[in-house]
Amino acid sequence: MALTPQNNEAFLREVDDELRRDQLLGFWERYGRLTIVAIVVALAAFAAFLYWQHRRTEAAGVQGEQLQAAFDALGNNQPDQASKLLAPIATSDRKGYRALASMTEADVMLGRKQDKAAAAKFAAIAADTGIAQPFRDLALIRQTVAEYDTLKPQVVIERLRPLAVAGNPYFGSAGELVAIAYIDSGRKDLAGQMFAQIARDATVPESLRQRSVQMAGAMGVDDSASVRVVTPARAPAAQSKEAPAQ
């Protein structure tokens with residue numbers, strides 16, 4: 001018996017549904033287990049990532065508290081206690097904490113007159129590419145201060161020359177060391193020019209600028225007009241008995 005158009009369409013839909021069902025069952029039989037495993041692995045990886053983030057946040061909080069405790073110990077003149085607290089933070093994978101702890105460790109060594117060990121610590125910080133550049137630059141300056149007496153003037157000049165330029169955040173400190181190295185190498189003219197540049201830079205601390213004016217003058221460069229000299233406030237002078245002229 002021939003099928004009517006309506007019956008024919010219904011038959012085709014049934015065949016199509018059956019085909020789709022067979023295809024789905026075949027796919028599940030082939031890849032069902034792999035799909036489940038992939039989903040489980042993805043969920044486990046996501047859970048592990050969340051846990052890792054949580055642990056890092058907790059660790060950062062603990063390290064922050066330990067760093068503050070170390071600073072408090074130094075404030076209470078307890079360098080040994082501070083060193084114990086700083087040691088684990090100085091190996092942290094958190095760059096900021098690692099840099100602060102390492103710099104403080106080196107400063108503690110300087111306070112103990114362990115200049116060689118302090119210089120080595122500062123050098124390690126300066127060479128650590130995982131630490132932000134401002135920390136590394138500061139460590140390089142501190143390293144140079146710690147070992148200045150053992151360095152040739154030209155080594156100091158070449159090491160700090162990139163930092164001893166106007167606009168650099170450490171221009172004042174680096175420039176002063178370079179100028180002193182110029183003096184030690186007999187080049188007072190260059191020292192005077194460097195001191196004059198520092199004196200003219202409004203971003204340099206005023207105490208350093210005033211010192212630079214004096215040093216520039218000693219080198220034969222007069223730059224005193226570039227610095228505003230601050231004098232202590234004085235009490236008003238006693239009023240004159242004579243009335244001012246009208």
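Heads up: numbering here begins at 1 and tracks the sequence. Worth saying up front: this structure is predicted, and the values here are computed from it rather than measured. These values consider heavy atoms only, across backbone and side chains, with no hydrogens, waters or symmetry-generated copies.
One side chain, Tyr148 or Asp184, offers a donor N or O that lies under 3.5 Å from an acceptor on the other.
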Pair Glu147-Arg142, salt bridge (Lys or Arg N to Asp or Glu O under 4.0 Å): steps then yes or no: CA-CA 9 Å; Glu147 59 185 8; Arg142 299 288 286 153; over 6 Å; no

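Contact check for Arg211 versus Phe195: no side-chain heavy atoms found under the 4.5 Å cut-off.
Not one N or O on the side chain of Tyr182 forms a donor-acceptor pair closer than 3.5 Å with the backbone of Ile157. Checked by atom type and distance alone, the side chain of Asn76 never pairs as donor or acceptor with a backbone atom of Gln78 at under 3.5 Å.
Across every non-hydrogen atom of Ile198 and Glu176, the tightest pair is CD1-N, 3.5 Å. Taking every heavy atom of both residues into account, Gly175 and Met194 meet most closely at O-CG, 3.3 Å. Scanning all heavy atoms of the two residues, the minimum distance from Ala126 to Leu140 falls at CB-N, 4.1 Å. Contact between Val156 and Leu177 at its shortest, heavy atoms only, is CG1-O, 4.0 Å. Here the closest non-hydrogen pair linking Ala106 and Ala118 is O-CB, 3.5 Å.
Ion pairing between a basic and an acidic side chain is recognised when a charged N comes within 4.0 Å of a carboxylate O; Arg161 and Glu158 show such pairing.
Legend: residues meeting side chain to side chain donor-acceptor pair (under 3.5 Å) with Asn77, ordered by chain and number and at least two apart, are absent. Evaluation of the salt bridge (Lys or Arg N to Asp or Glu O under 4.0 Å) rule for Asp149 yields no partner, not counting sequence neighbours.
Sorted by first and then second residue, the pairs that involve residues 119-141 and meet salt bridge (Lys or Arg N to Asp or Glu O under 4.0 Å), not counting sequence neighbours, are Arg98-Asp128, Glu105-Lys121.
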